[in-house]
Amino acid sequence: MNRFSSAVPDDEYLADSKVLFYVSDAVSQLLEHKEEYTHFGVIRYFAEYFSSVKNSNHVLFREYSYIRATPHNRASFLRVLWRCYRQIGKSGDLLSMLEYRSLLQLLCPDFPLEPVQNAARIVLMDDAIDCLMSFSDFLFAFQLQFYYQEFVHSVLVIYQDLLAGKSPNTVIVPTSTSIEQLPSVTPEESGKEQQQDGVEPSTLAQCIEAFCDRFKHSHPPRSCMTEVLEQTNRISYYSFLMSLAKHEAINQAIGALPSKAEFLIDPEMDQELDKLIAQISVSPGSNSSGSAVGGLKEVLQRKASPRRNIHHRRKIEVESDGSTEETDSSEN
């Protein structure tokens, strides 16, 4: 939304763009770490903060409540996740749900288990979610689950109501209710669909269409959902989500991940990794996992939140001439 080329009221623009959220967070970070910034400069801090937000480098190592607070934060985190672990897909490794959760926690220490479980259920169609998954399958399913979290959960409520035999006119769907307030679904409840053939796609489409008219959160493009639902005679909840996760138009609408054809390509990060591998190969004790993790953090912190970037540079400025960036990053 361009504030300078539209007639959008000021309050509506501020609400939609989440500007006040970022201003509030910037001030909170400044007050929490004010001793670091008094020497660095408050004006330069705010410039760095909003530059990092614009460039999507602001979510690394932040808390879960922050990375999911806005659509921009969610998309930024998805891109960071892809860039950091793209090599897993390149090598063809298969990982379990818990291993993917561990990788997520390296980027967001308090990342919960439930979103990872839900993504695994999409990939594995809610069957044996402890099976191994490829990085691309997991990431595209995780993207749908994480970015459209409220919508995905609400569609489950709609689907279960239809399975229970409620007519489209009596199905009650959430509107602006947050995901934390929606009823949780037990494995027994979600497994009911395995005993049935699903629901009529036209009926599900009718309910989703009415729901989207009142929904206050982000949802996939309606044209994509209509296209998916028109391709089958019966559809289950997880087959619907899997089709959406694979839909390239939805991937483009979110704008966080490259197309599947370019999923393994990232020249900039390849150069960073080549430098990292070269450093590890010549450093003492380079065969330890600690060296690898420390090197990974050094690469990631170049893209980290402004607090870490500013603090990192300020330490270099005040240290002796013999100090190096490598030495400083190893202390973190």
Side-chain angles (χ1 to χ4, degrees), residues 1-84 104-112 115 143 146-151 175-181 214-219 253-257 297 300-318 332:
M1 182 184 299
N2 189 335
R3 180 67 187 96
F4 300 102
S5 62
S6 65
V8 178
D10 294 346
D11 55 348
E12 183 178 338
Y13 170 78
L14 291 174
D16 291 341
S17 63
K18 309 297 183 182
V19 170
L20 296 181
F21 168 81
Y22 292 112
V23 171
S24 176
D25 181 69
V27 172
S28 297
Q29 292 290 312
L30 177 62
L31 294 176
E32 184 177 353
H33 307 283
K34 58 184 178 182
E35 297 203 1
E36 296 178 16
Y37 302 138
T38 52
H39 296 89
F40 191 84
V42 173
I43 294 178
R44 187 177 174 185
Y45 159 74
F46 279 106
E48 289 278 347
Y49 180 91
F50 285 103
S51 176
S52 71
V53 171
K54 179 178 180 294
N55 296 326
S56 300
N57 300 328
H58 61 301
V59 294
L60 194 56
F61 308 131
R62 291 298 303 268
E63 60 278 7
Y64 180 69
S65 60
Y66 180 80
I67 66 171
R68 66 181 293 270
T70 70
H72 177 66
N73 284 10
R74 297 185 189 194
S76 299
F77 184 76
L78 287 167
R79 185 161 183 81
V80 167
L81 177 62
W82 165 69
R83 297 199 70 193
C84 290
L104 285 162
Q105 288 185 316
L106 289 176
L107 307 179
C108 173
D110 66 335
F111 202 96
Q143 173 178 245
F146 180 67
Y147 191 83
Y148 296 120
Q149 190 172 27
E150 295 83 1
F151 174 81
T175 53
S176 60
T177 308
S178 67
I179 192 169
E180 291 84 358
Q181 295 173 312
R214 305 189 300 273
F215 196 50
K216 303 300 182 183
H217 299 279
S218 299
H219 59 75
I254 296 174
L257 303 179
K297 285 189 175 181
L300 297 181
Q301 283 175 348
R302 296 173 191 173
K303 305 290 184 182
S305 61
R307 182 178 70 81
R308 289 179 177 267
N309 285 336
I310 292 172
H311 181 54
H312 179 71
R313 286 196 294 269
R314 187 175 67 80
K315 288 180 66 179
I316 297 174
E317 292 170 0
V318 300
N332 293 334

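This chain uses plain numbering: 1 for the first residue, then up along the sequence. Treat the numbers as computed from the prediction; the structure is a model and nothing was measured.
- Every residue two or more places apart in sequence or in another chain that forms a side chain to side chain contact (heavy atoms under 4.5 Å, CB included) with E32 is listed here: Q29.
- Here S51 pairs with N55 under the side chain to side chain contact (heavy atoms under 4.5 Å, CB included) rule; sequence neighbours left out.
- How far CG of L81 is from CG of L60: 11.0 Å, rounded to the nearest 0.5 Å.
- For the side-chain hydrogen bond (donor to acceptor under 3.5 Å, both in side chains) test, residues two or more places apart in sequence or in another chain that qualify with Y22 are T70, N73.
- Not counting sequence neighbours, the partners of P112 by the side chain to side chain contact (heavy atoms under 4.5 Å, CB included) test are Y64, P115.
- Shown here is L31, whose CG atom has more than 12 heavy atoms of other residues, nucleotides or ligands within 6.0 Å.
- Remark: S76 engages S56 in a side-chain hydrogen bond (donor to acceptor under 3.5 Å, both in side chains) (not counting sequence neighbours).
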- Before giving the answer on side-chain contact (heavy atoms from CB on, under 4.5 Å), spell out for V27 and F46 the whole-Å C-alpha distance, their side-chain angles and the decisive distance to 0.1 Å. CA-CA 9 Å; V27 172; F46 279 106; 4.2 Å; yes

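- The shortest heavy-atom contact between I67 and V59 is CG2-O, 3.7 Å.
- Between atom CZ of residue F50 and atom NE2 of residue H58 there is a gap of 10.5 Å, rounded to the nearest 0.5 Å.
- R74 meets the salt bridge (charged side-chain N to carboxylate O under 4.0 Å, His left out) test with E150; sequence neighbours excluded.
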- Task: Apply side-chain contact (heavy atoms from CB on, under 4.5 Å) to K18 and V53, showing your working.
- Result: CA-CA 11 Å; K18 309 297 183 182; V53 171; over 6 Å; no

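- Formation of a donor-acceptor pair under 3.5 Å by the Y45 side chain with backbone atoms of A26 is found in this model.
- Heavy-atom minimum distance, Y147 versus S218: CE2-CB, 4.3 Å.
- Minimum heavy-atom separation, C108 to R62: SG-O, 3.4 Å.
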- Query: Could you walk me through whether R68 and F146 pass the side-chain contact (heavy atoms from CB on, under 4.5 Å) check?
  - Reply: CA-CA 8 Å; R68 66 181 293 270; F146 180 67; 4.2 Å; yes

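- Ring-centre distance between Y66 and F77: not below the 6.0 Å cut-off.
- Without hydrogens or angle criteria, S24 side chain to F21 main chain gives no donor-acceptor distance under 3.5 Å.
- The line from CZ of R79 to CD1 of I254 is 13.5 Å long, rounded to the nearest 0.5 Å.
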